[in-house]
2 protein chains.
Amino acid sequence: MKEKISQLKADMFKAIAHPTRIRILELLKDGELCVCEIFEKLNVEQANTSQHLAVLKKQDILKSRKEGLRVIYSIKYPEVIEILEIADKILKMQLDEALKAFGSTK
Amino acid sequence: MKEKISQLKADMFKAIAHPTRIRILELLKDGELCVCEIFEKLNVEQANTSQHLAVLKKQDILKSRKEGLRVIYSIKYPEVIEILEIADKILKMQLDEALKAFGSTK
DNA sequence: AAATTATATTAGTATATTTTAATATACTTT
DNA sequence: AAAGTATATTAAAATATACTAATATAATTT
């Protein structure tokens with residue numbers, strides 16, 4: 001039972017754990033965007049962008065709606081952004097520490 | 001530049017994104033443990049546990065110290081636990097919603 | 001209804017991750 | 001210094017992910 005929940009959480013993190021998908025989430029932080037806007041801003045192939053969006057949607061992290069020809073994606077649970085912000089914070093601390101290691105005669 | 005930072009964040013999430021590693025982090029939430037305690041509690045092979053610990057340590061998420069024969073691991077940045085707690089919260093909302101979908105004539 | 005536009009899907013190849021099993025290292029105790 | 005513990009490393013096989021290119025779908029405009 002506990003194992004299954006860990007698996008579900010791992011699946012969620014796996015969905016997030018890709019540079020392109022992280023950039024997608026950061027783009028969508030301030031509101032919804034259509035696929036065309038996303039792949040142009042990211043400079044990533046349309047097909048590849050679609051695939052990454054599909055990963056995030058399958059994992060129930062993004063939602064989408066159709067508007068004419070366009071498909072508009074947005075973040076389903078804003079808490080995901082909190083996760084990214086904490087990751088940012090940790091990364092800064094890590095880099096900070098790595099930098100300090102230089103100062104001390106290393 | 002922005003791409004490199006996304007890559008670093010992705011690497012961090014990748015390190016977290018495994019059921020066994022998530023369980024390790026949850027075990028260490030309340031304090032340090034040696035490898036022998038960890039793999040016994042998790043019911044995972046010693047070698048495999050070592051490998052997963054190495055992944056988390058390489059990513060600077062865990063730290064370790066030696067005490068006699070034992071190696072004792074602990075969480076380096078408590079913020080990682082916050083990330084797991086938010087993931088928990090999101091997962092609960094997702095499951096909740098999935099459950100509700102049943103109620104409504106689906 | 002044909003052509004156009006936006007998005008999605010599929011298949012194939014390339015890469016990366018995970019697991020298992022065997023072995024190595026590094027302290028400790030005898 | 002030999003034997004015993006605790007942990008780490010390595011190699012090989014199995015599995016999963018990612019990217020590219022080609023093609024398919026679906027709504028729109030002409």
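The sequence lines fix the lettering, A, B, ..., with proteins before strands; numbering per chain opens at 1.
Side-chain atoms of B:Gln59 do not come within 3.5 Å of backbone N or O of B:Leu56 as any donor-acceptor pair. Here the side chain of B:Arg23 pairs no donor or acceptor atom with the backbone of B:Lys41 at under 3.5 angstrom.
Atom P of nucleotide C:dT7 and atom CD of A:Glu67 are separated by 11 Å, given to the nearest angstrom. A:Arg70 places its CZ atom 12 Å from the C1' atom of D:dT28, with the value rounded to the nearest Å. Atom pair A:Lys58:NZ and D:dA18:P shows a separation of 12 Å (rounding to whole Å applied). Taking atom CD of residue B:Gln46 and atom C1' of nucleotide C:dA26, one finds them 13 Å apart after rounding to whole Å. Rounded to an integer number of Å, the gap from CG of A:Asp11 to P of D:dT17 is 8 Å. If you measure from atom CZ of B:Phe13 to atom C1' of C:dA16, you get 20 Å, rounded to the nearest angstrom. Straight-line distance from the CG atom of B:Leu33 to the P atom of D:dT7: 11 Å, rounded to whole Å. Straight-line distance from the NZ atom of B:Lys57 to the C1' atom of D:dA8: 11 Å, rounded to whole Å.
Closest to the side chain of B:Leu69, from the set D:dG4, C:dA8, C:dT18, is D:dG4. Here the nucleotide nearest the side chain of B:Cys36, chosen from D:dT9, D:dT7, C:dT17, is D:dT7. Of the candidate nucleotides C:dT19, D:dA8, C:dA6, C:dT19 has the atom lying nearest to any side-chain atom of B:Asn48. Checked against D:dT9, C:dA6, C:dT9, the side chain of B:Ser50 finds its nearest nucleotide in D:dT9.
When A:Leu25, A:Leu28, A:Val55 are each tested for a side-chain contact (heavy atoms from CB on, under 4.5 Å) with A:Ile61, only one passes: A:Leu25.
End-to-end axis angle for the helix from C:dA1-D:dT30 to C:dT30-D:dA1, using five pairs per end and rounding to 10°, comes out at 20°.
Taking for each of A:Cys34 and B:His18 the nucleotide of DNA chain C with the nearest heavy atom, the 5'-most of the two is the partner of A:Cys34.
Residue B:Lys66 places no side-chain N or O under 4.0 Å from the OP1 or OP2 atom of C:dA26. Under 4.0 angstrom from either OP1 or OP2 of C:dT19 there lies at least one side-chain N or O belonging to B:His52. Phosphate proximity of D:dA6 to B:Tyr73: absent, as no side-chain N or O sits under 4.0 Å from OP1 or OP2.
To the nearest 0.5 Å, atom CD of residue B:Glu85 and atom CD of residue B:Glu26 are 9.0 Å apart. The structure places CE of A:Met12 at 6.0 Å from CD of B:Gln94, a figure rounded to the nearest 0.5 Å.
Residue contacts for A:Gln51: at a heavy-atom cut-off of 4.0 Å it reaches a base atom on one of the strands shown. Using a 4.0 Å heavy-atom distance criterion, A:Ala54 is classed as making no nucleic acid contact.
Environment of CD in B:Glu40: crowded, with over 12 heavy atoms of neighbouring residues, nucleotides or ligands closer than 6.0 Å.
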key: Candidate pair B:Tyr73 and B:Glu37, rule side chain to side chain donor-acceptor pair (under 3.5 Å), full reasoning   = CA-CA 10 Å; B:Tyr73 282 86; B:Glu37 290 171 305; over 6 Å; no
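Taking the six-membered ring where the residue is Trp, B:His18 and B:His52 present tilted rings, their angle falling between 30° and 60°.
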